[in-house]
Colleague: 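One structure follows; several queries about it will come next.
Scope of the values below: all heavy atoms of this structure, side chains included, with no hydrogens, waters or symmetry mates. Numbering of ligands and ligand atoms starts at 1, following listing order. If you read the sequence from its start, that first residue is 1, and numbering goes on from there.
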Amino acid sequence: MAVAQKAIIIGAGPAGLLLAHYLLRRGDRYCVELYERRPDPRQGEMSKARTFPISLQERGRKAIRAIPGLEEAIAAQSVFCQGTMIYRPKSKPRRIPRKNKILCTDRNELVSILLQELTQRYSSDRLKIQFDCTCTQVDATAKTVSFESNTEEQFTTSYDVLIGADGAKSPVREFLVQNTGLECEQHYIPDAYKSLSVSRINPEKGLSAEPDLVHAWTLDNNTRLLLVPQPGDRLQGTLIFNAENNPLEGFSTPEEVLAFFQEKFPLCGELMTLEEADTVLKRQIARILTVRCDRFHEGDSILFIGDAAHAVSPSIGQGCNSALEDIFILDQVLDRYQDDWSQVLPQFSQQRIPDAHALQDLSDYSFPRNKRLIFEFFFRLQLGRLLHRWFPQQMKPFVFDLVLDTDISYSEVLRLNQGWINKVKRSLA
Ligand SMILES: Cc1cc2nc3c(=O)[nH]c(=O)nc-3n(C[C@H](O)[C@H](O)[C@H](O)COP(=O)(O)OP(=O)(O)OC[C@H]3O[C@@H](n4cnc5c(N)ncnc54)[C@H](O)[C@@H]3O)c2cc1C
């Protein structure tokens with residue numbers, strides 16, 4: 001019997017954990033070691049500081065579904081939404097139904113379930129997971145990687161394959177940029193965000209937000225609020241604003257925050273308690289880094305995936321979907337080349353780069369910022385749906401519906417909507 005390859009995965013986020021499921025499912029060919037900088041989410045209350053809502057559609061869900069029982073486990077802790085309720089100042093709320101239901105969860109919940117399912121299925125002789133352990137160095141010649149634990153203990157271990165699933169600021173990718181000439185553009189997008197959580201129901205005021213819709217507000221200055229239903233009648237949300245123009249700037253009390261939400265996002269403001277407003281006040285502002293690389297691998301043994309390879313703006317909610325889809329595609333390439341990583345890695349880069357670049361354009365330019373184009377956007381959305389219903393073979397739906405309701409490749413979605421994307425790009429120039 002062939003000796004199992006030692007696959008080291010850096011980062012136990014959605015991409016790293018799903019990859020561990022896929023590799024271990026390939027039988028005795030792999031043993032997996034996973035190293036994660038943060039603490040074990042199963043021990044005690046995980047800090048909610050970095051959690052935010054995640055909606056998964058077909059691209060992400062098909063990747064999860066390929067592991068028997070996994071989608072059911074995630075669905076049991078999620079809420080399915082039928083569409084979005086759009087709120088704009090001085091207009092009536094507008095319901096945009098979706099053809100396929102959206103699976104709504106939050107990042108920490110998703111990670112916890114992926115992890116729990118992994119440890120239930122595989123024993124420690126094939127799977128080793130170490131938390132509080134930061135990757136500090138890679139030596140591609142010796143095929144070793146070094147770590148520092150939270151107790152400042154340092155150690156080095158060898159790998160057959162090394163996979164950086166270590167997020168937008170990936171140290172594995174940075175090592176390749178510094179040492180191998182990997183080309184990688186990184187930009188902070190102008191938007192910043194604060195996450196928040198409110199109850200979906202306020203029994204005292206007899207108020208509630210609809211349980212099966214994502215609630216989305218856009219103000220005239222492009223400050224946006226997204227509230228996504230979660231189990232237990234909670235709404236997990238994100239307030240997105242221009243980093244130079246923080247709408248909560250100068251607020252020092254929860255009363256001021258609450259008054260802001262009551263004025264600008266009335267339904268949310270009525271659902272929010274003073275305690276929740278205080279949490280929003282104290283929560284740190286986060287920035288979003290986007291990443292665009294010319295390849296996703298080095299030689300025959302280093303790969304980076306998910307946000308490490310192609311972090312995008314969350315404007316169309318595709319970062320996690322595409323990170324999970326990476327694993328689905330990698331698995332197909334592993335089948336095609338019988339786990340010969342010297343062929344698998346260049347093939348994966350070649351196949352996935354066009355989609356990753358297309359996704360960046362779609363994320364940056366699908367949704368317009370100026371009023372006239374927002375009107376045109378909704379007009380095109382409705383028209384696209386109508387024409388597609390009448391002539392399903394000839395007419396494809398508009399960009400959002402293609403991204404959210406199908407798993408057509410991102411490059412094909414971009415090709416079909418290049419005119420619109422160019423128009424939005426010009427309007428933002
Ligand atoms: C506000 C917001 C809303 C979003 N909404 C959606 C959505 O609705 N739908 C969607 O598809 N996507 C969404 N996304 C994007 C999505 O969260 C990411 O694309 C997804 O989490 C990427 O998964 P990942 O595993 O590649 O990276 P990450 O989730 O970033 O995980 C990387 C892991 O690596 C660890 N790590 C980093 N450095 C080291 C190191 N040196 N050593 C060890 N471990 C390390 C990190 O601690 C982390 O756990 C959203 C993002 C934001 C910010």
Side-chain angles (χ1 to χ4, degrees), residues 8-20 33-41 46-47 49-61 63-64 78 81 84 102-108 110-112 114-115 129-138 145-150 162-175 189 191-196 214 216 224-226 228 236-241 285-291 296 304-327 356 359 363 403-404:
I8 292 197
I9 302 174
I10 313 293
L17 288 165
L18 188 67
L19 177 62
E33 292 186 11
L34 240 165
Y35 294 91
E36 166 60 48
R37 172 179 75 172
R38 294 191 217 176
D40 185 340
M46 192 181 186
S47 155
R50 216 207 136 192
T51 207
F52 40 75
I54 292 223
S55 54
L56 294 180
Q57 303 92 28
E58 184 53 20
R59 284 165 228 277
R61 287 177 62 188
I64 289 170
S78 306
C81 283
T84 308
I102 311 163
L103 186 155
C104 299
T105 177
D106 82 70
R107 185 194 174 277
N108 288 353
L110 178 64
V111 161
S112 297
L114 287 169
L115 178 62
I129 308 182
Q130 216 163 316
F131 291 95
D132 295 306
C133 201
T134 303
C135 167
T136 51
Q137 216 178 336
V138 177
V145 55
S146 302
F147 298 93
E148 186 173 304
S149 74
N150 60 342
L162 174 68
I163 301 113
D166 43 357
K169 293 182 184 160
S170 165
V172 172
R173 187 194 65 227
E174 276 315 296
F175 162 80
I189 62 167
D191 291 335
Y193 73 93
K194 271 194 180 210
S195 44
L196 58 116
V214 171
R224 281 155 285 150
L225 174 68
L226 200 70
V228 180
Q236 181 69 42
T238 323
L239 179 70
I240 306 166
F241 46 88
I285 293 173
R287 297 293 306 266
I288 297 159
L289 187 67
T290 65
V291 170
F296 297 150
F304 47 103
I305 51 166
D307 272 11
H310 48 71
V312 289
S313 145
S315 62
I316 55 168
Q318 288 303 298
C320 192
N321 281 284
S322 63
L324 301 175
E325 195 181 47
D326 280 352
I327 318 297
L359 174 60
S363 300
V403 170
L404 301 187

Colleague: Between Q318 and Q57, do the side chains contain a donor N or O and an acceptor N or O under 3.5 Å apart?
Modeller: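 A donor-acceptor contact under 3.5 Å links the two side chains.
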Colleague: Which ligand 1 atoms, with their elements, are less than 4.0 angstrom from a heavy-atom of Y35?
Modeller: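 Going through ligand 1 atom by atom, the ones under 4.0 Å from Y35 are 43 (C), 44 (N).
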Colleague: For atom 4 (C) of ligand 1, which candidate among P314, C135, G317 holds the nearest heavy atom?
Modeller: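 It is P314 that holds the nearest heavy atom.
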Colleague: May I ask which of E36, R287, R107 has a heavy atom nearer to atom 31 (O) of ligand 1 than the others do?
Modeller: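 Looking at heavy atoms only, R107 sits closest to atom 31 (O) of ligand 1.
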Colleague: Return the minimal non-hydrogen interatomic distance between G13 and E36, and the atom names on each side.
Modeller: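 Taking every non-hydrogen atom into account, N-OE1, 4.2 Å.
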Colleague: Does any N or O in the side chain of D326 come within less than 3.5 Å of the main-chain N or O of F304, such that one atom is a donor and the other an acceptor?
Modeller: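 No; judged by distance alone, with no hydrogens or angles, the pair does not exist.
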Colleague: List every atom of ligand 1 that sits less than 4.0 Å from any heavy atom of I54, numbering the atoms from 1 in the order shown and giving each element.
Modeller: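 So the atoms of ligand 1 that pass are 7 (C), 8 (O), 9 (N), 16 (C), 17 (O).
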Colleague: Could you tell me, atom by atom, which parts of ligand 1 come under 4.0 Å of a heavy atom of Y193?
Modeller: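 This gives 1 (C), 53 (C) as the contact atoms.
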Colleague: Can you name the atoms of ligand 1, numbered from 1 with element, that are less than 4.0 Å from a heavy atom of G306?
Modeller: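 It comes down to these atoms of ligand 1: 26 (O).
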Colleague: Between N108 (side chain) and P41 (backbone), is there a donor-acceptor pair under 3.5 Å?
Modeller: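 Checked: no pair found.
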Colleague: Answer whether the closest heavy-atom distance between the side chains of I10 and L162 falls below 4.5 Å.
Modeller: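 I10 vs L162: side chains touch.
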Colleague: With a cut-off of 4.0 Å, which atoms of ligand 1 are near a heavy atom of G167?
Modeller: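 Going through ligand 1 atom by atom, the ones under 4.0 Å from G167 are 27 (O), 30 (O), 32 (C).
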Colleague: Evaluate side chain to side chain contact (heavy atoms under 4.5 Å, CB included) for L115 paired with D40, printing each intermediate quantity in order.
Modeller: CA-CA 9 Å; L115 178 62; D40 185 340; 3.8 Å; yes
Colleague: If you count the atoms of ligand 1 from 1 in the order shown, which ones are under 4.0 Å from a heavy atom of T238?
Modeller: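 In order of numbering, the contacting atoms are 1 (C).
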Colleague: Considering only heavy atoms from C-beta outward, does the side chain of C320 approach that of L110 to under 4.5 Å?
Modeller: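 Of all side-chain heavy-atom pairs linking L110 with C320, at least one is under 4.5 Å.
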Colleague: A165 heavy atoms, cut-off 4.0 Å: which ligand 1 atoms fall inside?
Modeller: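 So the answer, numbered in order with elements, is 32 (C), 33 (C), 34 (O).
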Colleague: In terms of atom number and element, which parts of ligand 1 are under 4.0 angstrom from non-hydrogen atoms of C133?
Modeller: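 Selected atoms, number and element: 42 (N), 43 (C).
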Colleague: What are the two closest heavy atoms between F241 and K194, and how far apart are they?
Modeller: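 Looking at all heavy atoms of both residues, the shortest contact is CE2-N, 4.1 Å.
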Colleague: Which residue from R37, Q57, K194 reaches closest to atom 45 (C) of ligand 1 through any of its heavy atoms?
Modeller: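 Residue with the shortest heavy-atom distance to the ligand atom: R37.
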Colleague: Is any side-chain heavy atom of S78 less than 4.5 Å from a side-chain heavy atom of C104?
Modeller: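 With C-beta onward as the side chain, the pair stays apart.
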Colleague: Are any of the N/O atoms in A15 less than 3.5 Å from those in ligand 1?
Modeller: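 For ligand 1, there is an N or O atom that lies under 3.5 Å from one belonging to A15.
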Colleague: Side chain or backbone, does T134 bring an N or O within less than 3.5 Å of an N or O on ligand 1?
Modeller: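 By distance alone, the answer is no.
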